[in-house]
Amino acid sequence: MRVPPSPADRPSRIGLFLRRQKRLLRPITGLLFLAVLGGAGYISLKIPAVQEQLAPLRDKLLGTSALRVTSIHIDGAQLTSEQSIRDALGVEVGDPVLDFSVSAAREKLDTLPFVDHVTIERHLSGEIDVHITERLPYAVWQHQGHFELIDKQGNRVPDQGMTGKDAEAFTKLPLVVGDGANTSAASLIDIIAQEPDVKARVTAAVRVSDRRWNLTLRDGATVLLPEGEEAPAIHRLAKINATTRLLDRPVLLIDMRLPDRLTIKEKPPASPPPSDAGNNTQDTSAPHKADAPKPVSHPVHPAAKEAKKDNPEENPDE
């Protein structure tokens with residue numbers, strides 16, 4: 001007959017609970033052990049001495065072809081040269097792909113002229129994709145003797161000077177002159193673009209008193225536009241030119257400031273050269289006309305000319 005255990009030999013409630021939960025406690029204990037081991041390893045990897053010892057192994061792993069840069073794709077760049085982009089990336093084909101820092105490359109690319117923002121993707125397959133979004137210049141602004149590239153909102157676009165693609169931008173973009181011309185140029189340029197015949201002849205748009213525009217044409221003529229009514233005036237000028245070829249005539253000034261009147265000032269006719277026929281003898285006692293002193297004319301900036309023309313008191317002919 002089996003003798004029942006005495007109360008002193010009976011296990012406690014905790015002991016009974018641990019016995020029943022033995023299967024659950026074993027994996028939990030193992031996970032805790034692995035966590036402590038991983039944490040200790042991570043902390044040890046931060047120690048410079050340990051990093052120095054593991055450097056050969058790291059270089060050996062990075063030396064495999066699967067972890068090297070295989071190609072670099074760049075798109076979206078029109079004014080930014082590819083070489084400047086690659087210099088900012090600081091990586092070449094064949095370099096360890098894990099050594100390439102996306103954030104550092106993005107910061108360097110953001111400092112390049114014309115770059116508005118950039119997207120960089122790094123793939124473990126070895127491909128690096130770079131997409132450039134540029135803030136394209138819209139016009140050239142002449143202000144206080146300086147030429148600056150501006151965007152459509154009138155903000156200055158950083159440039160690298162009159163070299164490379166920057167030089168192409170300076171020569172191909174429309175020129176606006178004067179105070180306030182940068183912030184008001186977009187609407188005028190868009191209007192002129194709608195009339196190709198007028199656009200082909202315009203070399204500069206001069207802002208007068210920051211309220212209206214004068215157009216300087218290729219042959220030196222000036223078109224005075226009305227304040228706030230640039231669109232109807234330019235369209236009217238295009239229609240008149242289509243029927244009368246006004247812009248091909250030798251004119252100095254086309255005043256369109258009044259909606260019901262068009263004032264045209266033509267160039268004076270060239271004086272015929274003096275004829276020597278019937279006058280073969282010369283009076284040596286009087287000074288020859290060629291020896292008389294000639295008046296010297298000083299060049300005036302176009303913006304100064306148009307500002308003067310805009311003042312009726314100073315220009316009574318208008």
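Not measured: the values here are computed from a predicted model. Only heavy atoms go into these numbers, but all of them, side chains included; no hydrogens, no water, no symmetry mates. Residue numbers count from 1 along this sequence.
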Output the distance between atom CZ (R106) and atom OG (S101), rounded to the nearest 0.5 Å.
9.0 Å
What is the distance from atom OG of S184 to atom CZ of R211, rounded to the nearest 0.5 Å?
13.0 Å
Among pairs that include at least one residue of residues 188-206, which meet salt bridge (charged side-chain N to carboxylate O under 4.0 Å, His left out), considering only residues two or more places apart or in two chains?
K152-D190, R201-D248
Gap separating the CD atom of Q142 from the CD atom of E148, nearest 0.5 angstrom:
11.0 Å
Heavy-atom nearest pair, D129 first then H73, reads OD1-CD2, 3.2 Å
Contact check, side chains of L136 and Q78, non-hydrogen atoms, under 4.5 Å:
yes
I'd like to know whether D110 forms a side chain to side chain contact (heavy atoms under 4.5 Å, CB included) with V118, so could you lay out the CA-CA distance, the side-chain angles of the two residues, the decisive distance to 0.1 Å, and finally the verdict.
CA-CA 7 Å; D110 286 338; V118 60; 3.5 Å; yes
Count I, L, V, M, F, W, Y as connected when their side-chain heavy atoms are under 4.5 Å apart, and connections chain through other members. Are I189 and V140 then in the same cluster?
no
Scanning both residues in full, the closest heavy-atom pair of L89 with F100 reads O-CE1, 3.6 Å
Do you know which two heavy atoms are closest between A88 and L112, and how far apart they sit?
CB-CD1, 4.3 Å
How many angstroms lie between atom CD of E92 and atom CZ of R86, to the nearest 0.5 angstrom?
6.5 Å
Cluster question for you: counting only ILVMFWY and a side-chain heavy-atom cut-off of under 4.5 Å, with indirect links fine, are I192 and V223 together?
yes
Do P226 and L258 have side-chain heavy atoms sitting under 4.5 Å apart?
no
Taking all atoms of both residues into account, what is the closest heavy-atom pair of I132 and A77, and its distance?
CB-N, 4.2 Å
Using a distance-only test with no angle check, is there a side-chain donor-acceptor pair under 3.5 angstrom linking D179 and H143?
yes
Step through the shown structure and confirm whether more than 12 heavy atoms of other residues, nucleotides or ligands are within 6.0 Å of NZ on K267.
yes
Same cluster for V102 and I85 if Ile/Leu/Val/Met/Phe/Trp/Tyr side chains link at under 4.5 Å?
yes
Side-chain touch M256/L224, heavy atoms, less than 4.5 angstrom:
no
Does D116 use its side chain to pair, donor to acceptor, with the backbone of R135 at less than 3.5 Å?
no
In terms of heavy-atom contacts, G180 and D210 come closest through CA-OD1, 3.6 Å
Any link between I254 and I191 through a network of hydrophobic side chains (Ile, Leu, Val, Met, Phe, Trp, Tyr) touching at under 4.5 Å?
yes
Pairwise side-chain contact, L246 with I264, heavy-atom cut-off 4.5 Å (strictly under):
yes
F114 and V157: side chain to side chain contact (heavy atoms under 4.5 Å, CB included), yes or no, with the steps?
CA-CA 6 Å; F114 307 121; V157 177; 3.3 Å; yes
With rounding to the nearest 0.5 angstrom, report the CG to OG1 distance, D219 to T216.
10.5 Å
Begin from the C-alpha positions of E134 and T80 and carry the test side chain to side chain donor-acceptor pair (under 3.5 Å) through to its verdict.
CA-CA 8 Å; E134 294 180 324; T80 307; 2.7 Å; yes
Does L109 reach the side chain of I120, with side-chain heavy atoms less than 4.5 Å apart?
yes
Check: R212 side chain, G228 main-chain N or O, donor-acceptor pair, under 3.5 Å:
no
Under 3.5 Å, side chain of R68 to main-chain N/O of G94, donor-acceptor pair present?
yes
pair L252-T222: side-chain heavy atoms closer than 4.5 Å
no
Between V69 and V93, the two heavy atoms sitting closest are O-CG1, 3.4 Å
Side chain to side chain contact (heavy atoms under 4.5 Å, CB included) test vs E82 passes for just one of V130, D87, I74, namely I74
Between T119 and H117, does any side-chain donor sit less than 3.5 Å from a side-chain acceptor?
no
Assess the residue pair L217 and L247 against the criterion (side chain to side chain contact (heavy atoms under 4.5 Å, CB included)); give the C-alpha distance rounded to whole Å, side-chain angles, the decisive distance to 0.1 Å, and a yes or no.
CA-CA 9 Å; L217 306 185; L247 300 181; 3.8 Å; yes
Do L237 and V202 share a hydrophobic cluster (ILVMFWY, side-chain heavy atoms under 4.5 Å, transitive)?
yes
Rounded to the nearest 0.5 Å, what separates atom CG in L215 from atom CD1 in I234?
5.5 Å
Do side-chain atoms of T243 reach the backbone of I240 as a donor and acceptor pair under 3.5 angstrom?
yes
Beyond-backbone contact of Q194 with H235, side-chain heavy atoms, under 4.5 angstrom
yes
Is there a side-chain contact between R207 and V176 (heavy atoms, below 4.5 Å)?
no
Could you please spell out the steps behind the side chain to side chain contact (heavy atoms under 4.5 Å, CB included) verdict for L175 and W141?
CA-CA 6 Å; L175 174 66; W141 179 32; over 6 Å; no
